[in-house]
Protein chains: 2
Amino acid sequence: MARKRVTLAQVASEAEVAVSTASLVLSGRGTEVRISEKVQERVRATAARLGYRPNAVSVGLRKGSTSTLAFVSDSVASSRLAGEMIKGAIEAARDRGYMVFVGETGGNLTLERQLLDAMVDRQVDGIVLASMLTHGRELPTGLDSTPTVLLNIAVDGDPGMPVVLPDELQAGRDAASALVDAGLTDIHLIGSGPRPEDVRTISAAAHLRLQGILEVLDAHGLTPSSGHAINQWLPPEGFRAANEILDAGTPQAIVCFNDRLAMGVYQAVQARGLRIPEDVSVVSFDDASIAAWLRPGLTTVALPHRIMGKRAAELLIDSIEHDRAHPDGPAATGVHLVPMPVRVRESIRAHD
Amino acid sequence: MARKRVTLAQVASEAEVAVSTASLVLSGRGTEVRISEKVQERVRATAARLGYRPNAVSVGLRKGSTSTLAFVSDSVASSRLAGEMIKGAIEAARDRGYMVFVGETGGNLTLERQLLDAMVDRQVDGIVLASMLTHGRELPTGLDSTPTVLLNIAVDGDPGMPVVLPDELQAGRDAASALVDAGLTDIHLIGSGPRPEDVRTISAAAHLRLQGILEVLDAHGLTPSSGHAINQWLPPEGFRAANEILDAGTPQAIVCFNDRLAMGVYQAVQARGLRIPEDVSVVSFDDASIAAWLRPGLTTVALPHRIMGKRAAELLIDSIEHDRAHPDGPAATGVHLVPMPVRVRESIRAHD
DNA sequence: CTGTTAGCGCGTTCAA
DNA sequence: TTGAACGCGCTAACAG
């Protein structure tokens with residue numbers, strides 16, 4: 001087990017040069033300090049022959065920076081999202097030579113504290129703090145001593161660090177526009193509404209999506225025909241709300257606040273022998289995988305989790321490397337809105 | 001930014017003891033080497049006052065072990081699974097004081113090599129190598145120099161390291177039994193079959209599930225009424241296969257090789273005005289989230305991804321710590337089958 | 001019982 | 001142009 005790694009000293013001794021010479025050559029600064037091409041070649045050859053790889057732990061201790069990022073999220077049940085964000089972040093990190101520690105807190109603040117400490121102990125160069133539900137929350141302390149980016153965490157006031165958020169407001173507008181542009185005017189809401197204050201969840205998405213929808217409706221002189229503010233956005237709730245609507249007559253269109261609610265709506269509509277989109281149009285949010293699997297395909301405004309994760313890691317690395325170059329410069333900051341693209345499928349039918 | 005961390009030397013100097021004394025005390029071995037209670041208290045107090053935390057990088061360099069694991073997977077599109085495995089592993093690791101580096105290769109062997117190297121450079125204590133589709137594959141070289149556990153990777157011959165796999169064979173038996181025990185005898189297969197060799201995917205799951213199903217059927221003097229070997233296990237394919245079956249008459253029961261196929265089956269069955277389970281019983285595999293959302297709830301044999309991840313991390317840590325205690329003992333090995341529990345919902349109806 | 005010393009593997013002065 | 005020496009922060013021998 002663990003056959004000993006070859007060290008720089010071994011390479012140097014084998015190549016009959018001093019350790020510092022080997023170090024210089026292998027870090028690419030050989031020519032810069034004018035080490036003879038012959039010696040450089042010899043060092044490189046023996047390094048390759050011995051399979052030398054620098055010990056990153058030692059380099060980390062020496063340089064104080066480890067090319068390592070921390071990704072800490074609270075990902076609860078609805079976790080598919082988390083996975084994509086993490087992947088996006090890992091991918092971006094890898095492209096820039098960083099590795100990432102991943103931690104999950106399950107919303108437990110004590111655990112979060114421990115995880116963050118453990119990561120800082122391991123000298124991570126920066127932290128992505130992610131949440132699965134965008135609601136405001138208290139930030140852990142001590143984040144100001146390490147570059148940090150907030151991912152999918154809406155915070156009141158200026159957190160003094162970059163924040164990556166999906167553009168839910170525009171998503172709301174786009175969803176409503178998709179319906180209105182199709183000539184639909186009898187529009188029902190399932191998830192939140194009908195009034196701006198009718199929101200039952202802590203998610204910031206609910207407020208913003210609703211606001212965007214109402215804004216567009218209002219611009220066309222419309223108001224929601226009904227609204228069903230719901231706490232849990234799952235298929236059974238969508239099913240129930242859809243039935244309430246259907247009991248009062250066939251609606252032209254329904255906006256679901258996420259795809260799982262839409263799934264329940266499909267079930268209720270189809271159970272009555274009605275057809276989507278011929279009888280009722282449906283639009284939704286998230287673009288979870290079921291959106292493509294439903295029949296007919298569900299038109300939905302996608303939450304680009306992977307891109308968000310990627311964006312967060314990129315901002316973080318930019319910030320780390322900027323800090324390194326300008327230690328006394330101002331810290332990076334600002335809200336970065338990631339656009340939510342509309343995935344057009346077959347659940348909306350143009351109305352004359 | 002990055003206000004300097006307090007070091008052990010500072011604590012020692014502040015507490016007016018030698019560094020080694022402070023080290024001993026803070027690592028809990030103070031009493032063991034009989035350091036006066038008074039001194040110990042003083043050291044602990046100043047450490048706490050200064051907010052001292054050991055620098056894990058330094059410890060790693062010194063001890064050669066970093067309390068860090070690598071989790072490398074190839075997770076392709078069907079990624080929800082990966083997320084759960086990772087979480088299980090992270091959770092188990094955290095419980096035992098380990099942190100985990102996560103990497104994704106997307107099936108790219110070059111990338112895998114780089115990732116593995118980068119992790120080994122960072123002195124990880126062990127590696128979990130995971131795959132999303134269980135098919136046999138070549139193992140990267142050099143894995144024998146670091147403790148490794150294979151997760152969801154079936155390999156021909158003895159890999160010389162622990163392997164964690166779901167018990168697909170038993171799952172196949174259980175799925176078939178659920179139907180047979182309900183008195184159903186007209187059983188159709190969607191995904192693989194009807195003969196043992198009718199498998200169109202590289203996934204090991206397909207073979208084993210089929211084998212388990214056929215075994216039970218055979219034990220009851222039954223054979224599949226039809227089998228539909230499919231390459232891509234997605235709803236449209238399930239829909240199409242179900243229609244083929246329905247065109248020939250109403251089947252008593254259908255076994256779907258995963259929940260997405262089952263979703264397509266639901267769509268086809270319900271589009272014809274038939275009802276599940278009154279007219280057709282359905283059983284499936286995976287227990288993806290749609291299984292619970294479908295109406296009626298889909299009875300399915302769950303793939304316990306989280307538990308598998310957890311198990312892999314535990315085995316890995318056991319192996320690491322065992323190696324440390326017995327450096328010349330034999331390496332851990334063996335295949336660890338994780339049971340796949342049946343989630344009984346409402347898609348099977350007893351037949352007289 | 002406590003303090004001194006020597007590295008872990010590497011990068012970086014500073015002399016030669 | 002190259003080599004010797006120091007130190008990042010910590011642990012583990014070994015003296016005292």
Side-chain angles (χ1 to χ4, degrees), chain A residues 2 4-44 46-47 50-68 120-125 324, chain B residues 2 4-44 46-47 50-68 120-125 324:
Chain A
K4 249 180 119 29
R5 281 175 72 94
V6 358
T7 73
L8 184 59
Q10 292 174 39
V11 173
S13 128
E14 188 85 2
E16 299 179 315
V17 295
V19 222
S20 58
T21 309
S23 174
L24 259 351
V25 173
L26 295 176
S27 61
R29 303 199 310 144
T31 308
E32 180 186 327
V33 283
R34 289 190 293 191
I35 289 177
S36 73
E37 199 42 62
K38 204 177 61 186
V39 170
Q40 292 206 41
E41 197 36 58
R42 179 151 41 95
V43 171
R44 271 194 279 269
T46 59
L50 268 38
Y52 169 74
R53 310 208 93 232
N55 180 328
V57 174
S58 176
V59 175
L61 179 59
R62 181 64 242 251
K63 316 226 291 197
S65 108
T66 52
S67 293
T68 295
V120 172
D121 288 349
R122 281 171 171 76
Q123 307 278 78
V124 296
D125 294 334
R324 198 168 359 251
Chain B
K4 250 179 114 34
R5 281 174 73 95
V6 356
T7 73
L8 183 59
Q10 290 174 41
V11 173
S13 128
E14 187 85 5
E16 300 179 314
V17 296
V19 222
S20 59
T21 308
S23 174
L24 259 352
V25 171
L26 295 176
S27 61
R29 304 199 306 144
T31 307
E32 181 186 325
V33 286
R34 289 187 296 191
I35 290 177
S36 74
E37 199 43 63
K38 203 177 62 187
V39 170
Q40 292 206 42
E41 196 38 56
R42 180 150 42 92
V43 171
R44 271 195 278 270
T46 59
L50 266 39
Y52 168 74
R53 310 210 92 231
N55 180 328
V57 174
S58 177
V59 175
L61 179 58
R62 183 63 242 243
K63 315 225 291 196
S65 108
T66 52
S67 292
T68 295
V120 173
D121 289 349
R122 281 170 171 78
Q123 306 278 76
V124 296
D125 294 334
R324 203 174 348 260

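Chain naming here is simple, since letters A, B, ... match the order of the sequence lines and numbering starts at 1 in each.
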What's the [atom1]-[atom2] distance between [X] and [N], to the nearest Å?
X	N	atom1	atom2	result
B/E16	C/dG3	CD	P	10 Å
B/R53	D/dC10	CZ	C1'	15 Å
B/Y52	D/dT11	OH	P	6 Å
B/Q10	D/dC10	CD	P	9 Å
B/E32	C/dT2	CD	P	14 Å
B/R122	C/dG9	CZ	C1'	16 Å
B/L8	C/dG3	CG	P	13 Å
B/R34	C/dT2	CZ	C1'	13 Å

So which nucleotide from [options] ends up closest to the side chain of [X]?
X	options	result
B/L61	D/dA12, D/dG3, C/dC8	C/dC8
B/N55	C/dG11, D/dT11, D/dC10	D/dC10
A/T21	D/dA12, D/dT11, D/dT2	D/dT2
B/S58	C/dT12, D/dT11, D/dG9	D/dG9
A/A18	D/dG3, D/dA12, C/dC1	D/dG3

With respect to the phosphate group of [N], does any side-chain polar atom (N or O) of [X] fall under 4.0 Å of OP1 or OP2?
X	N	result
B/S23	D/dT11	yes
A/R62	D/dC8	no
B/R29	D/dA12	yes

How close do A/V57 and B/R122 get, heavy atom to heavy atom, and via which atoms?
CG2-O, 3.6 Å

For DNA chain D, whose closest nucleotide is more 5', that of B/P54 or that of A/V17?
A/V17

By nearest-nucleotide position on DNA chain C, the 5'-leaning member of A/K63 and B/S20 is B/S20

Which part of the nucleic acid does [X] contact within heavy-atom distance under 4.0 Å: base, sugar-phosphate only, or nothing?
X	value
A/V57	nothing
B/V39	sugar-phosphate
B/S36	sugar-phosphate

With a 6.0 Å cut-off (strictly less than), is the heavy-atom count around CD of A/E41, excluding the residue itself, greater than 12?
yes

Would you check if the side chain of B/S23 reaches a backbone N or O of B/V19 as a donor-acceptor pair within less than 3.5 Å?
no

Under the 3.5 angstrom rule, does the side chain of A/T66 hit a backbone N or O of A/G60 as a donor-acceptor pair?
no

Side chains of A/R42 and A/V17: does their closest heavy-atom pair fall under 4.5 Å?
yes

Heavy-atom side-chain proximity of A/N55 to B/Q123 below 4.5 angstrom:
yes

